[in-house]
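This structure is a prediction, so every number in the text was calculated from the model and none was measured.
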Amino acid sequence: MTTRRVFGAVLVFVAAGLAVAATFLSAYSVQVELQGRTLRYEASSWVTERDDFRGALMLAPLDYGEPAVGAALVMALSVVLAFRMPAARVGSLLGAGVLAGVAWTAIAGVQGTIDKLRELEAPVPFDVEQGDGVTVLVVAAGVGVVSAVLHQELPRRVVSEPIVTEGGAVIHQIEGDESETPPYGFPVIVEPQEPQEPQEPQEPQEPQEPQEPKEQKSD
């Protein structure tokens with residue numbers, strides 16, 4: 001296992017730990033000042049930690065705990081199984097993708113709560129704050145995507161060193177199929193040849209007898 005893959009595996013564990021920790025932190029909070037009193041609602045992804053409104057605003061925790069923990073488990077198991085089955089590294093990519101989707105859903109949930117409170121048109125403004133849980137979840141998703149890519153260890157293209165000939169010319173050889181492009185120029189276009197008609201076999205000629213030399217007449 002190379003250094004790059006080991007570093008990616010360590011980051012996968014870090015992202016998984018951050019994702020699990022984010023589910024226990026505060027997801028969001030709602031606060032309002034009313035007649036000198038401070039009313040506050042605060043919840044994580046699992047339970048409501050404080051509700052001074054006693055259910056009047058009908059607020060609830062953001063349900064991203066189970067998918068975040070599930071994505072973290074997939075990422076962690078993929079790293080462990082990859083030591084024996086290299087194909088299991090794909091699980092880190094899958095878990096990172098799910099974790100990114102969960103983070104996006106959590107942010108959308110906080111924005112949805114803000115829009116819901118604006119529709120009430122209350123005489124006093126509500127302060128909605130994004131909690132540390134959502135922030136840590138976004139960080140975990142970012143680390144998870146980077147670590148998953150490093151964990152795959154995509155092959156790098158190796159370019160051979162240039163060959164210098166005696167005349168000073170430099171030849172760069174590009175790896176690939178030699179049938180597509182010749183290494184030293186452009187492909188040669190060969191026109192298709194027309195089929196030739198079969199020729200009839202010639203009959204063998206009989207050997208001629210040697211002729212006697214003619215006598216020259218003298219004057």
Side-chain angles (χ1 to χ4, degrees), residues 7-81 88-152:
F7 183 65
V10 172
L11 286 181
V12 169
F13 279 115
V14 172
L18 289 175
V20 174
T23 61
F24 296 98
L25 299 176
S26 175
Y28 74 103
S29 62
V30 179
Q31 185 172 312
V32 64
E33 297 288 340
L34 183 61
Q35 297 179 356
R37 296 179 55 191
T38 301
L39 302 179
R40 183 177 178 84
Y41 176 87
E42 189 173 352
S44 64
S45 63
W46 303 105
V47 295
T48 298
E49 298 177 353
R50 179 179 175 180
D51 187 7
D52 297 337
F53 300 99
R54 298 180 180 179
L57 297 180
M58 299 181 64
L59 299 174
L62 298 179
D63 296 331
Y64 63 82
E66 293 182 359
V69 173
L73 289 177
V74 171
M75 295 171 66
L77 286 176
S78 67
V79 174
V80 176
L81 295 177
R89 295 197 304 268
V90 182
S92 59
L93 280 176
L94 177 63
V98 174
L99 194 59
V102 172
W104 178 265
T105 304
I107 296 175
V110 175
Q111 186 63 37
T113 302
I114 296 175
D115 297 338
K116 177 182 177 181
L117 294 177
R118 286 178 179 175
E119 294 176 357
L120 296 177
E121 297 181 356
V124 291
F126 290 91
D127 295 331
V128 181
E129 296 180 359
Q130 178 177 297
D132 296 336
V134 177
T135 303
V136 174
L137 185 64
V138 172
V139 174
V143 176
V145 172
V146 175
S147 62
V149 173
L150 292 176
H151 190 219
Q152 304 308 308

Trainee: Run the numbers on Thr113 and Leu59 for side-chain contact (heavy atoms from CB on, under 4.5 Å), then give the verdict.
Mentor: CA-CA 8 Å; Thr113 302; Leu59 299 174; 4.0 Å; yes
Trainee: Taking it one step at a time, do Val124 and Glu33 satisfy side-chain contact (heavy atoms from CB on, under 4.5 Å)?
Mentor: CA-CA 7 Å; Val124 291; Glu33 297 288 340; over 6 Å; no
Trainee: Decide side-chain contact (heavy atoms from CB on, under 4.5 Å) for Val79 and Met75; before the verdict, give the C-alpha distance in whole Å, the side-chain angles of both, and the deciding distance to 0.1 Å.
Mentor: CA-CA 7 Å; Val79 174; Met75 295 171 66; 6.0 Å; no
Trainee: For Val102 and Pro67, which heavy atoms make the closest approach, and how far apart are they?
Mentor: CG2-CB, 3.6 Å
Trainee: What distance do Leu11 atom CG and His151 atom NE2 have between them, rounded to the nearest 0.5 Å?
Mentor: 11.0 Å
Trainee: Checking Ser45 side chain against Thr23 main chain: does a donor-acceptor pair fall under 3.5 Å?
Mentor: yes
Trainee: So, taking the atom named CD1 in Ile114 and the one named CG in Asp127, what distance separates them when rounded to the nearest 0.5 Å?
Mentor: 10.0 Å
Trainee: Which heavy atom of Phe53 sits nearest to which heavy atom of Val30, and what is that distance?
Mentor: CE1-O, 4.0 Å
Trainee: Measuring from Thr135:OG1 to Gln130:CD, what's the distance to the nearest 0.5 Å?
Mentor: 4.5 Å
Trainee: Glu42 and Ser26: which non-hydrogen atoms are nearest, and at how many Å?
Mentor: OE2-OG, 3.2 Å
Trainee: Indicate the atoms forming the closest heavy-atom contact of Val134 with Tyr64, along with that distance.
Mentor: N-OH, 3.9 Å
Trainee: If you take all heavy atoms of Leu18 and Ala140, which pair is closest and at what distance?
Mentor: CB-CB, 3.6 Å
Trainee: Sequence neighbours left out, what passes salt bridge (Lys or Arg N to Asp or Glu O under 4.0 Å) with Arg118? Give chain and number order.
Mentor: none
Trainee: Under the 3.5 angstrom rule, does the side chain of Asp132 hit a backbone N or O of Val136 as a donor-acceptor pair?
Mentor: no
Trainee: Using only atom types and a distance under 3.5 Å, with no angle test, would you say the side chain of Lys116 pairs donor to acceptor with the backbone of Met58?
Mentor: yes
Trainee: Which residue is it: Thr48, Asp52, Leu57? I am looking for the one with a side-chain contact (heavy atoms from CB on, under 4.5 Å) to Tyr41.
Mentor: Thr48
Trainee: Quick check for you: to the nearest 0.5 Å, what is the distance between Asp51 atom CG and Leu39 atom CG?
Mentor: 9.5 Å
Trainee: Answer with yes or no whether the side chains of Ser92 and Gln152 bring together a donor and an acceptor at under 3.5 Å.
Mentor: yes
Trainee: Do Val138 and Ile107 pass the side-chain contact (heavy atoms from CB on, under 4.5 Å) test, and can you show the C-alpha distance, the side-chain angles, and the key distance before you say yes or no?
Mentor: CA-CA 9 Å; Val138 172; Ile107 296 175; 3.7 Å; yes
Trainee: Taking all non-hydrogen atoms of both residues, which atom of Gly95 and which atom of Ala71 are closest, and how far apart?
Mentor: O-CB, 3.6 Å
